[in-house]
Amino acid sequence: MGLTVAWRLARSGYHVTVCDPTPGRGATWAAAGMIAPHAEVAPGERANFELQRQALTAWQLLNDEMFEVLERRIHIGVNGTMLAGWDASDRRLVDQFRHVATDFGVTSAVVRRESHPELFAGLSDRLSSGLLLDGDAWLDPDEAVGALLQGLTALGVDFLAARVEEIDADATHVRVHYDEGTLSAQAGILATGAAGLPRGATPTGQHAVRPVRGMTVRVDGIDRADAPMLRCLVRGRPFYMVSRPGGYCVIGASSEERSGPLIEVGELQRLLRDGLDVVPELETSSLIETRVGLRPASTNLEPFFEEWPERRWAWSSGHFRHGVTLAPLSSRAAVDFVRRVTS
Ligand SMILES: Cc1cc2nc3c(=O)[nH]c(=O)nc-3n(C[C@H](O)[C@H](O)[C@H](O)COP(=O)(O)OP(=O)(O)OC[C@H]3O[C@@H](n4cnc5c(N)ncnc54)[C@H](O)[C@@H]3O)c2cc1C
């Protein structure tokens, strides 16, 4: 969020400083990078769905802007999603999902192994049907963060590799206090994900964020980059695999109401067991790494942009499972805010 906010502001002509000890290494680092409004349909999340529906276009626009600065684009694969169920009860859940998706106006098609063997290549024989959802996409968050960092540098954005300990403000300026000094600016946006806010930040109480831990496992050796992204409900748990060209795959993701950035052995074992059941080929793929992040979940699971105009600060968070998806859209609010408080 912080990097796309910085991008929007810098492109609007503001001088921007990003204060972050480890930019791009929060939840974004663990994310699979799916922009999958159709597969993410959930009862009660219609507003969020309508927002996510605009996300792919917003990413493509941002990609065009990055091309103007960097003369290269990041890869955005629009492969769609195939959703399957492992056992009878999982298949019932897939069927229920289809009803909710249809209600949201999402078009889906039931596909069977006999008629579409290419979609089931490498998957367990037990999976004989799935639900195909067009239009879902993916990007590689590492590539997106790398391009943003490079683009921001080219746009003259400054980086301060420091943790913000405290903030304050007066009628004309905000101040950021970090261990070795203070930085002053005309306005500030807090985009700290699931982390606690710095001292001096005074939210209205309208919004709160709780961390929901998630883990992804990265493996090498299965190239399904031309196939739809795979999602499967396995014994009631969601499993997914996003394949990049060349055999790099992200499998995920656990979801635990915990704040410790650790990976529990049982959490990893459940994910790998589900993965090996669905994609037996994983048995011989090589393990690259595991990553863990804290999803910033708001009370109503929707993102928010909370403004404290009298203090010249705003707080952008609550992106929960969809922060990569929504970053280019959510960042637009920052420009309006900064324009208003600095005019
Ligand atoms: C396992 C997993 C899989 C996911 N998959 C997807 C996906 O496929 N698609 C999708 O759209 N979303 C996905 N998400 C969700 C997405 O990653 C988050 O919603 C998104 O990354 C949140 O972005 P953010 O910038 O708000 O927070 P973060 O990425 O956590 O960034 C917060 C930043 O703030 C910095 N910071 C915090 N406190 C301070 C401070 N006091 N001073 C200075 N800097 C500070 C941190 O260093 C960090 O860089 C996934 C999340 C997880 C955990």
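For the single chain, residues carry numbers from 1 onward in sequence order. Numbering of ligands and ligand atoms starts at 1, following listing order. Computed from a predicted structure; not experimentally measured.
The nearest protein atom to atom 26 (O) of ligand 1, hydrogens excluded, is given as G193 CA, 3.4 Å; this is a heavy-atom distance. Among all protein heavy atoms, the one lying closest to atom 29 (O) of ligand 1 is T28 OG1, 2.5 Å. The single protein non-hydrogen atom nearest to atom 25 (O) of ligand 1 is M1 N, 3.0 Å, given as residue, atom name and distance. With respect to atom 5 (N) of ligand 1, the closest heavy atom belonging to the protein is A32 N, 3.3 Å. The protein heavy-atom contact nearest to atom 6 (C) of ligand 1 is A31 CB, 3.6 Å. Protein heavy atom at the shortest distance from atom 45 (C) of ligand 1 is T192 CG2, 4.0 Å. With hydrogens left out, the protein atom closest to atom 8 (O) of ligand 1 is M34 N, 2.8 Å, a heavy atom. Counting only heavy atoms of the protein, atom 49 (O) of ligand 1 lies nearest to D20 OD2, 2.6 Å.
With a 4.0 Å heavy-atom cut-off, ligand 1 is reached by no atom of R291. Proximity of R321 to ligand 1, defined as any heavy-atom pair under 4.0 Å, is confined to the backbone N, CA, C and O atoms. By the criterion of a heavy-atom distance under 4.0 Å, the side chain of Y240, and not its backbone, is placed next to ligand 1. Residue contacts with ligand 1 for C19 involve N, CA, C or O but no side-chain atom from C-beta outward (heavy atoms, distance under 4.0 Å). Counting heavy atoms closer than 4.0 Å to ligand 1, residue A36 contributes nothing at all. The proximity of F320 to ligand 1, defined as any non-hydrogen pair under 4.0 Å, is limited to the backbone. In A27, the parts holding a heavy atom less than 4.0 Å from any atom of ligand 1 are both the side chain and the backbone.
Residue R235 forms a salt bridge (charged side-chain N to carboxylate O under 4.0 Å, His left out) with just one option from D90, D277, D87, and that option is D277. Among R291, R244, R25, the single residue meeting the salt bridge (charged side-chain N to carboxylate O under 4.0 Å, His left out) criterion with D142 is R291.
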For the pair R53 and E40, evaluate salt bridge (charged side-chain N to carboxylate O under 4.0 Å, His left out) and give the outcome as yes or no after the intermediate values. CA-CA 10 Å; R53 248 186 170 173; E40 283 290 320; over 6 Å; no
Apply side chain to side chain contact (heavy atoms under 4.5 Å, CB included) to L183 and V164, showing your working. CA-CA 10 Å; L183 179 85; V164 176; over 6 Å; no
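When each atom of ligand 1 is checked for a heavy atom of R163 under 4.0 Å away, the hits are 40 (C), 41 (N), 42 (N), 43 (C). Taking a cut-off of under 4.0 Å to the non-hydrogen atoms of H319, the atoms of ligand 1 that pass are 19 (O). Residue H322 has at least one heavy-atom neighbour below 4.0 Å for each of these atoms of ligand 1: 10 (C), 11 (O), 12 (N).
Atom CG of D20 and atom CG of L160 lie 9.5 Å apart (nearest 0.5 Å).
Not less than 6.0 angstrom separates the ring centroid of W86 from the ring centroid of F239.
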